[in-house]
J.: 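Please read through the structure below; I'll follow up with questions.
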Amino acid sequence: MRSRTLISALLAVTGSGVVLVALTAARTEPKVERIDFGKVVRPTRPAFDARLAPASDADVKEFRIPIKDATIEIAKGATYQGWTFGGTVPGPIVRVRQGDLVRVTVVNESPMPHSIDFHAARIPANVAYRMIMPKDSISFQFTAHDAGAFMVHCGTPPVTMHLMQGMYFPIIVDPKGGWGTKADKEFVLVQSEFYAKPGDPSSASRNTVVPMQADWQAAMSKTASHVVFNGRAFQYKDTPLKVDVGDRVRIFVVNAGPSFDSDFHIVGAIFDRVYPDGDPSHALTGVQTYLVPAGGGAVFETVFDKNASGEGLYAFVTHSFADAEKGAVGIIQVGTPKQFATMVH
């Protein structure tokens, strides 16, 4: 009887151990976030949604990214036959944390070969960035070792053509310990150029707007027709980015080019922190304008203090004003100011 009781006790302990192991395994199983950017599409009306939500706490982030042709609007009333990631220009905004495992599946739903190039990934290009034929796909993964604001783009030759057609998007990698400050509002701005000329009206039916088409010679001479933030000229003048008085605002700026630098500046404000890379200890202070090269990214912060740059309208631009005149200008609205006709940037 005693031995039977002992055996029963041992079985109970053993059984409890199995449950404990199972519970422990469940607790240590990494969280996985899955996003299909064929189904989750960022709004572009009335303007491309530049707001950025925090990264999830998932350790593994999986993304399905479709490549597809799309008719886009590059300026008010000006449509363009673009090549895209996910149907918009820029494509999806991806945000992860330093140390996350990033799994990517790219599906080519367009009629021509394309590829993808993650500037945030340390991975053999021949493994992850090979040509993807129509109706084909590629899958790969990488650990996000490096923090910062990075560009993702199509790398199929001629790369200039694929970029000027709209094939790029940002990936934000947050440092493990954060950026060192608490932002009240966060935005993403992707600067880029279009080289467009009027389309052939004979190819369209009556009463149909003829999309503009690519101008390769203009691209080779760096004569852009439009320089834009988030795919459309002047859109944030009509639809400002809205923040509150006292907000610390963090802006991730990625320059997709293909050829111009971005000289990022906010009229009436000073950047109290600029992160040229993903290391918060490298932050620059008291910066008026900072250069983001084609293919690069940087992080900008400013505070709209009540007794300094408080309630009002603030233009953000590339301070290369020939480019700003072509569309790379927008407005940050702080609070609910009166609209003054003298705001001419």
J.: Between His162 and His153, is the ring centre distance below 6.0 Å?
T.: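 Centroid separation for His162 and His153: 6.0 Å or greater.
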J.: Determine, for Arg45 against Glu73, whether the closest basic-nitrogen to carboxylate-oxygen distance falls under 4.0 angstrom.
T.: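 Between Glu73 and Arg45 there is a salt bridge, with a charged N closer than 4.0 Å to a carboxylate O.
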J.: Are any of the side-chain nitrogens in Glu186 or Arg95 under 4.0 Å away from the carboxylate oxygens of its partner?
T.: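 Result for this pair is yes, salt bridge flagged.
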J.: If we count only N and O atoms by modelled type, under 3.5 Å, do the side chains of His282 and Asp277 hold a donor and an acceptor together?
T.: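 Asp277 and His282 do have a side-chain donor-acceptor pair below 3.5 Å.
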J.: Using distance alone, with no hydrogens and no angle criterion, decide if Ser320 and Thr318 have a side-chain donor and acceptor under 3.5 Å apart.
T.: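 No - no donor-acceptor pair under 3.5 Å links their side chains.
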J.: I want to check something: taking the side chain as every heavy atom from C-beta on, are Phe187 and Arg51 in contact at a cut-off of under 4.5 Å?
T.: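 In contact.
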J.: For the residue pair Phe142 and Phe140, does the interplanar ring angle fall in the parallel (under 30°), tilted (30 to 60°) or perpendicular (over 60°) class?
T.: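 Answer is parallel, since the angle falls under 30°.
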J.: Using every non-hydrogen atom in the two residues, find where Gly155 and Ser115 come nearest and quote the distance to one decimal.
T.: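 Shortest heavy-atom separation between Gly155 and Ser115 comes out as N-OG, 3.1 Å.
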J.: Does Asp100 pair with Lys61 as a salt bridge, N-O distance under 4.0 Å?
T.: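 Salt bridge: yes.
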J.: For Phe300 and Phe252: C-alpha separation, side-chain torsions, deciding distance, then whether side chain to side chain contact (heavy atoms under 4.5 Å, CB included) applies.
T.: CA-CA 6 Å; Phe300 297 78; Phe252 297 88; over 6 Å; no
J.: Using the rule given for side chain to side chain contact (heavy atoms under 4.5 Å, CB included), can you reason through Asp174 versus Gln98, listing the C-alpha separation, both sets of side-chain angles and the distance that settles it, and then say yes or no?
T.: CA-CA 6 Å; Asp174 292 317; Gln98 194 173 24; over 6 Å; no
J.: Have Thr71 and Thr79 got a donor and an acceptor in their side chains that come within less than 3.5 Å?
T.: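 No.
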J.: List, one per line, each side-chain donor-acceptor pair under 3.5 Å for residues 83-94, sequence neighbours excluded.
T.:
from	atom 1	to	atom 2	distance (Å)
Thr84	OG1	Lys68	O	2.8
Thr84	OG1	Gly87	N	2.8
Thr88	OG1	Pro90	O	2.7

J.: Is there side-chain contact between Ile172 and Phe150, with heavy atoms separated by less than 4.5 Å?
T.: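 The answer is no, as the side chains (C-beta and beyond) never meet within the 4.5 Å cut-off.
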J.: Could you pull out the closest heavy-atom pair between Pro134 and Ser110, with the gap in Å?
T.: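 Closest approach of Pro134 to Ser110, heavy atoms only: CB-O, 3.3 Å.
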J.: Of the non-hydrogen atoms in Met151 and Gly295, which two are nearest, and what is the gap between them?
T.: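 Heavy atoms of Met151 and Gly295 come nearest at SD-CA, 3.6 Å.
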J.: Determine, stepwise, if the pair Asp69 / Gln81 fulfils side chain to side chain contact (heavy atoms under 4.5 Å, CB included).
T.: CA-CA 7 Å; Asp69 291 356; Gln81 293 291 89; over 6 Å; no
J.: Under 3.5 Å, is there a donor-acceptor pair between the Tyr195 and Gln217 side chains?
T.: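 Result is no, nothing qualifies.
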J.: Kindly work out whether a path of hydrophobic side-chain contacts (I/L/V/M/F/W/Y, heavy atoms less than 4.5 Å apart) joins Val303 to Val245.
T.: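 As far as the 4.5 Å side-chain criterion goes, Val245 and Val303 are not connected within one cluster.
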J.: Does Val228 offer a backbone N or O that forms a donor-acceptor pair with the side chain of Glu193 under 3.5 Å?
T.: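 Here the side-chain-to-backbone pair does not exist.
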J.: The test is side chain to side chain contact (heavy atoms under 4.5 Å, CB included); show your working for His265 and Tyr290 and say whether it passes.
T.: CA-CA 7 Å; His265 173 79; Tyr290 192 77; over 6 Å; no
J.: Do the side chains of Glu109 and Arg64 get close enough for a salt bridge, i.e. N-O under 4.0 angstrom?
T.: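 So Glu109 pairs with Arg64 through a salt bridge.
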J.: Looking only at side-chain N and O atoms, does Asn230 offer a donor or acceptor that is under 3.5 Å from a partner on Tyr236?
T.: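 Judged by distance alone, the side chains do pair up.
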J.: Cluster question for you: counting only ILVMFWY and a side-chain heavy-atom cut-off of under 4.5 Å, with indirect links fine, are Trp179 and Val249 together?
T.: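 Yes: a chain of side-chain contacts under 4.5 Å links Trp179 to Val249.
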J.: Hey, is Arg97 close enough to Asp57 for a salt bridge, meaning N to O under 4.0 Å?
T.: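 Here Arg97 does not pair with Asp57 in a salt bridge, since their nearest N and O are not under 4.0 Å apart.
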J.: Check the side chains of Thr181 and Arg250 for a donor-acceptor pair under 3.5 angstrom, ignoring hydrogens and angles.
T.: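 Yes, a side-chain donor-acceptor pair sits under 3.5 Å.
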J.: Could you label the plane-to-plane angle of the Phe229 and Phe316 rings as parallel, tilted or perpendicular, counting under 30° as parallel and over 60° as perpendicular?
T.: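 Geometry flag for Phe316 against Phe229: tilted rings.
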J.: Are Ile67 and Val106 close enough that some pair of their side-chain heavy atoms sits under 4.5 Å apart?
T.: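 Touching, per the 4.5 Å side-chain cut-off.
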J.: Less than 6.0 Å separating the ring centroids of Tyr314 and Phe304?
T.: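 Yes; Phe304 has its ring centre under 6.0 Å from that of Tyr314.
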J.: Answer yes if the ring centres of Phe194 and Tyr80 are under 6.0 angstrom apart, and no otherwise.
T.: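 Between Phe194 and Tyr80, the centre distance is under 6.0 Å.
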